[in-house]
J.: 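Before we start, here is the structure in question, set down as structure tokens.
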Amino acid sequence: MDLLHRADRLRADRTPFVLATVVRAERPTSAKTGDRALVLPDGTMEGFVGGTCAESTVRLQGLRLLETGESTLLRITPSGDDDEREGLLTISNPCLSGGTLEIFLETMIPAPLVYVHGEAPVARAMVDVAQAVGWAGVRGPASALPLDASAVVVASHGRDEVEVLTAAVRADVPYIALVASRKRAAAVLDELPLTAQEKARIHAPAGLDIGARTAPEIALSILAEVISRRPRQTAPPPGRLDLPLLQPQVRPVSQVAVAKDVVCAMDVAISPDALQYEHEGTMYYFCGSGCRRAFIDDPARYL
């Protein structure tokens, strides 16, 4: 339960992670069905899903899933069989004690965040509409702009507009919008201490032209424009090729750095928790304590 509470805190902090759950354990293994662990973006792990060899594999595959946002069933076996069923990833780990583990790796990526500044009805409706489609909608002050916002919408009718818009542009937020009439929007843009190219990134007035009148309709038109900027599986319609695409924003997950265990040739994620040993100025990484011990005893054998 402590681990699940920790997962809840990570969700609240909008930190991506992978929840690893043992769903099948074939003896001999140290892990049991129901054991769990969390894989964090820096490669650290909390919880237990097996010994160091299994943990190393879970860490590496968990970090790779954080890059793609996908989930999978991981099968770790010493037998070397190649099971290619859809949705199943089989990894042969010769260092295991003899048993086989099947672990579900569930990737938890925060929902895209729409940050709204203002107290106007449109601002309040913006939060409701975002949440209705599964996004995170938050209203806040000019001083609390989140680093991982996918969109910033200013609907404050003159309060701190310049400060928020400037901060959003300089933070490289993918979508930035100002709720205002065309005349007032032009006046606000003239005040911004930004280049013409930077000002061009701000949607003012905000939203697609769908004939919106009420606050919820205007909020819907804005979110529709936000969604229209996301990457697509197919090419956008003619005339839209020049539009910058909205990239999904979550707390950055660095590309996994991988080292080869010189003893067993397994791939190992380079992270603070990885087993390692420095020899003659070079750091070596290992999938388990057995490989590390073998290397320390006779480095020349493996170099």
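The structure displayed is predicted, hence computed values, not measured ones.
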J.: One thing to verify: whether Glu161 and Arg184 come together as a salt bridge, which I'm taking to mean a side-chain N less than 4.0 angstrom from a carboxylate O.
T.: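 Between Glu161 and Arg184 there is a salt bridge, with a charged N closer than 4.0 Å to a carboxylate O.
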J.: Tyr284 and side chain to side chain contact (heavy atoms under 4.5 Å, CB included): which partner among Val262, Leu275, Val263?
T.: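 Of the listed residues Val262, Leu275, Val263, the side chain to side chain contact (heavy atoms under 4.5 Å, CB included) partner of Tyr284 is Val262.
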J.: Show every salt bridge (Lys or Arg N to Asp or Glu O under 4.0 Å) that has at least one partner inside residues 107-132, sequence neighbours left out.
T.: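 Listed by first then second residue: Glu119-Arg124, Glu119-Arg139.
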J.: Is the count of non-hydrogen atoms from other residues, nucleotides or ligands lying under 6.0 Å from Asp297 atom CG greater than 12?
T.: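 Yes, enclosed.
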J.: What's the separation between atom CD in Glu46 and atom CG in Leu40, rounded to the nearest 0.5 Å?
T.: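 The CD atom of Glu46 sits 5.0 Å away from the CG atom of Leu40.
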J.: So, Thr44 and Asp42: side-chain donor and acceptor under 3.5 Å apart, yes or no?
T.: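 Per modelled atom types, Thr44 and Asp42 side chains form a pair under 3.5 Å.
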J.: As an exercise, state the distance from OG1 of Thr72 to CG of Leu105, rounded to the nearest 0.5 Å.
T.: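 It is 7.0 Å, given to the nearest 0.5 Å.
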J.: For the CZ atom on Arg159, are there more than 12 heavy atoms of other groups (residues, nucleotides or ligands in this structure) within a distance under 6.0 Å?
T.: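 No, CZ of Arg159 has 12 or fewer neighbouring heavy atoms, counting only those of other groups under 6.0 Å.
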J.: How many angstroms lie between atom NZ of Lys32 and atom CZ of Phe48, to the nearest 0.5 angstrom?
T.: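 Interatomic distance, Lys32 NZ to Phe48 CZ, rounded to 0.5 Å: 9.0 Å.
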J.: So which heavy atom on Thr33 is nearest to which on Ala25, and how close?
T.: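 Where Thr33 meets Ala25 most closely, the heavy atoms are OG1-N, 3.8 Å.
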J.: Look at atom CG of Asp209 and say whether more than 12 heavy atoms of other residues, nucleotides or ligands are closer to it than 6.0 Å.
T.: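 Counting other residues, nucleotides and ligands, CG of Asp209 stays at 12 neighbours or fewer.
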J.: Just so I know, are the side chains of Leu38 and Met45 near enough to count as touching, which here means a heavy-atom distance under 4.5 Å?
T.: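 Of all side-chain heavy-atom pairs linking Met45 with Leu38, none is under 4.5 Å.
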J.: Is it true that Asp172 and Arg201 have a side-chain N and a carboxylate O under 4.0 angstrom from each other?
T.: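 Between Arg201 and Asp172 there is a salt bridge, with a charged N closer than 4.0 Å to a carboxylate O.
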J.: Run through Asp8, Thr15, Asp13 and flag the one making a side chain to side chain donor-acceptor pair (under 3.5 Å) with Arg11.
T.: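 The option that passes is Asp8.
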J.: Is it true that Phe295 and Phe286 have ring centroids separated by less than 6.0 Å?
T.: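 For Phe295 and Phe286, the ring centres are under 6.0 Å apart.
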J.: How long is the span from the CD atom in Glu70 to the OG1 atom in Thr107, to the nearest 0.5 Å?
T.: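 The OG1 atom of Thr107 is 8.0 Å from CD of Glu70, to the nearest 0.5 Å.
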